[in-house]
Amino acid sequence: MTPGKTHDTTTALPPHRAELARGWRAGIARMRFPQSSPLEAFSILFLIGLVLIAAFADFIPGLVNPNFPYGDFSAPPNWTLNGLFGTDGLGRSILSRVIYGARQTLIIVTAATVISMVCGIFLGMLAGYFRGFAEHGVDLFANTMSSLPPVLIILALVSVTGTSVLTMTLTLGILDIGTYARITKGGVISQNDRDYVLAARALGAGHGRVLLREILPNLVPTLTAVVPPLMAGLIITEGSLSFLGFGIPAPAPSWGGMIAGSTDLISRFPLLIFGPILAIVLTVYALNTVGDFLARRVDIRERQL
Amino acid sequence: MAPQPQHTLLDIRNLHLRLPSPKGELHLLNDISLTLERGRTLGIVGESGAGKSMLIRAIMGLASRKARISGEIRFDGDTITGMPEARRRRLLGARVGVVFQNPTASLNAFERVGPQVSEAARVHRGISAEEARELAISLLERVGIPDAASCHDRYPHEFSGGMKQRIMIASALAIEPDLLIADEATTALDVTVQKEILDLLQILQAETGMGMIQVTHNLGVVAGRTDEVAVMYGGRLVETGPTRAVFEAPGHQYTQRLIAAVPSLQAPIDQELVSIPGQPPDRLIGIRACPFAPRCAAATPLCSETMPVLAPAGDDGHKAACHHPPRVPAQTLEGAR
């Protein structure tokens with residue numbers, strides 16, 4: 001009676017090599033993005049590439065400063081690095097601004113996601129585990145948040161606090177708390193009846209241990225699948241705010257701000273708008289595709305369990 | 001049997017459990033009284049919905065928060081009914097191990113097997129990481145997992161159902177329990193694995209001297225492996241006593257029909273399987289009559305008018321709650337074992 005299929009092959013090796021083999025195998029399995037379609041694989045690679053380019057923008061050889069004019073204003077695209085998307089109304093490289101804008105956008109959106117996940121998961125676990133009053137409160141909060149247009153909420157907050165990267169991040173972070181709380185709540189309620197939670201309670205685990213050690217790890221797949229689409233939503237919201245002039249203060253590059261800046265010239269220089277729009281569309285598309293991919297993986301897992 | 005309170009591990013007295021539901025209050029457990037001596041095995045049998053698992057949950061304090069429980073449960077002299085939740089958790093968690101029905105659902109799919117096995121000991125004894133690892137490996141070895149050291153860091157999905165149940169048993173043993181509760185522990189497994197697991201439980205019990213409760217709807221599990229048996233029907237205890245006495249001369253019509261319903265390999269191939277017609281009683285109403293009366297062949301008007309009480313039906317504390325105890329000895333279980 002052997003417990004698992006991998007058992008025989010690894011025990012034949014000496015212990016340290018068996019360890020190594022298992023580590024490698026797990027690593028390779030992770031690299032393959034199991035059962036991804038070509039578009040999904042492209043989306044994953046695009047996002048990884050985007051993060052790397054944004055992170056190491058300062059080290060890209062030949063990339064000019066996004067805030068200083070680099071050549072003729074409103075020049076059409078050409079086959080040089082800085083001129084790939086052309087130049088904007090002030091002669092700045094659009095490619096450079098798209099890349100530095102990506103950095104800004106990714107930092108804001110990631111930080112906002114961390115804020116809303118932490119708060120949302122905390123509230124959702126309280127609501128789903130203790131039910132009663134906590135659940136009513138969280139439901140009320142989540143429903144209220146989702147019934148108000150996000151841009152309106154942010155405009156209200158930003159008009160009080162003024163526009164800065166920090167307030168922008170915080171306000172975006174508040175937006176999705178309700179959504180994460182609701183998903184976590186549902187997950188906790190469905191997990192709470194399962195035998196492994198009962199078994200943990202039977203052996204004397206307290207509320208904290210049951211929630212954090214038993215239930216939370218089982219929610220990770222579900223939560224992972226909703227993060228990318230919600231991040232995509234934040235990118236759009238952030239873009240809209242910058243477009244309206246309530247986003248990242250100029251002259252720092254931002255995708256929404258670039259679109260806003262080029263609308264005056266759009267009838268004469270339609271190509272100006274091309275770079276930032278392409279960046280937003282591709283990123284949002286990739287995030288949603290990755291979200292679908294993860295959701296499908298979660299589904300497969302659930303059925304196997 | 002003379003009462004020996006110093007050896008009584010579990011003592012349940014007049015336990016009632018009511019659960020409010022939208023349709024009214026459900027009477028899930030009615031007037032259950034049971035005792036289990038240290039080192040002995042008690043089998044709890046009954047069909048689905050008889051209240052077996054609810055009884056276990058009531059003992060372990062895992063019943064719904066809405067449930068209303070009355071009566072008394074004493075564990076090794078301590079009254080655990082009405083005890084603050086945290087204290088009860090510490091007391092029972094450190095001394096009672098539970099193995100549930102479905103090993104796949106009972107293991108956390110996202111945690112390695114080893115830490116799950118040692119979890120109870122980590123919670124109650126605060127042992128170090130290395131000690132926990134050693135303990136988990138020794139327990140895995142003890143329940144017959146080959147190559148336990150390398151299994152420590154695997155995930156549950158890498159094991160078969162029988163292996164997972166062994167792992168569950170290992171985790172229940174981590175605190176060296178005084179009482180092991182197997183709640184249909186073998187129901188989800190195939191027959192040969194069932195036997196292995198039951199043998200394992202018996203060996204472990206002999207080694208450790210712990211008391212054991214076997215909850216099952218399989219009479220074959222109870223017949224050869226328990227000292228005492230309690231038959232439940234409709235949330236009530238209808239018969240209790242030494243296993244041999246109950247099987248040889250059942251004192252309740254339901255028990256007799258239950259034993260008769262066990263299929264035998266010796267029976268002619270075209271013989272129809274015996275069943276008990278009808279459905280278990282509706283538990284919405286607190287009934288004042290014998291709960292089995294509507295399905296009972298021997299029922300008389302008396303049965304639907306007065307509730308039979310547990311009365312002596314033989315030697316050694318054999319008791320049954322039946323107005324018309326069966327006279328004919330039930331068929332023996334030899335064929336079913």
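Here is the naming used below: chain letters follow the sequence lines, and residue numbers restart at 1 for every chain.
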Practice prompt. Using non-hydrogen atoms and a 4.5 Å limit, figure out which bit of B:R95 sits close to chain A: side chain, backbone, both or neither.
Written response: neither
Discussion item. Tell me whether A:R213 is salt-bridged to B:E119, with the criterion being a basic N under 4.0 Å from an acidic carboxylate O.
Written reply: no
Practice prompt. Run the numbers on B:E72 and B:T79 for side chain to side chain donor-acceptor pair (under 3.5 Å), then give the verdict.
Written response: CA-CA 7 Å; B:E72 191 181 25; B:T79 304; 3.2 Å; yes
Worksheet item: Do B:E184 and B:K52 pass the salt bridge (Lys or Arg N to Asp or Glu O under 4.0 Å) test, and can you show the C-alpha distance, the side-chain angles, and the key distance before you say yes or no?
Response: CA-CA 9 Å; B:E184 307 233 16; B:K52 308 182 298 282; 3.7 Å; yes
Worksheet item: Between B:P156, B:G93, B:S106, B:G61, which shows the greatest number of heavy-atom pairs under 4.5 Å with chain A?
Response: B:S106
Fill in: Electrostatic pair B:D199-B:K195, nearest N-O below 4.0 angstrom
yes
Worksheet item: Which bit of B:R88 comes within less than 4.5 Å of chain A, counting heavy atoms only: side chain, backbone, both or neither?
Response: neither
Discussion item. Between B:E176 and B:T208, do the side chains contain a donor N or O and an acceptor N or O under 3.5 Å apart?
Written reply: no
Worksheet entry | Selection from B:D183, B:I175, B:L107 maximising heavy-atom pairs under 4.5 Å formed with chain A | B:L107
Worksheet item: Top residue by heavy-atom pair count (under 4.5 Å) with chain A, among B:E85, B:R122, B:R90, B:K164?
Response: B:R122
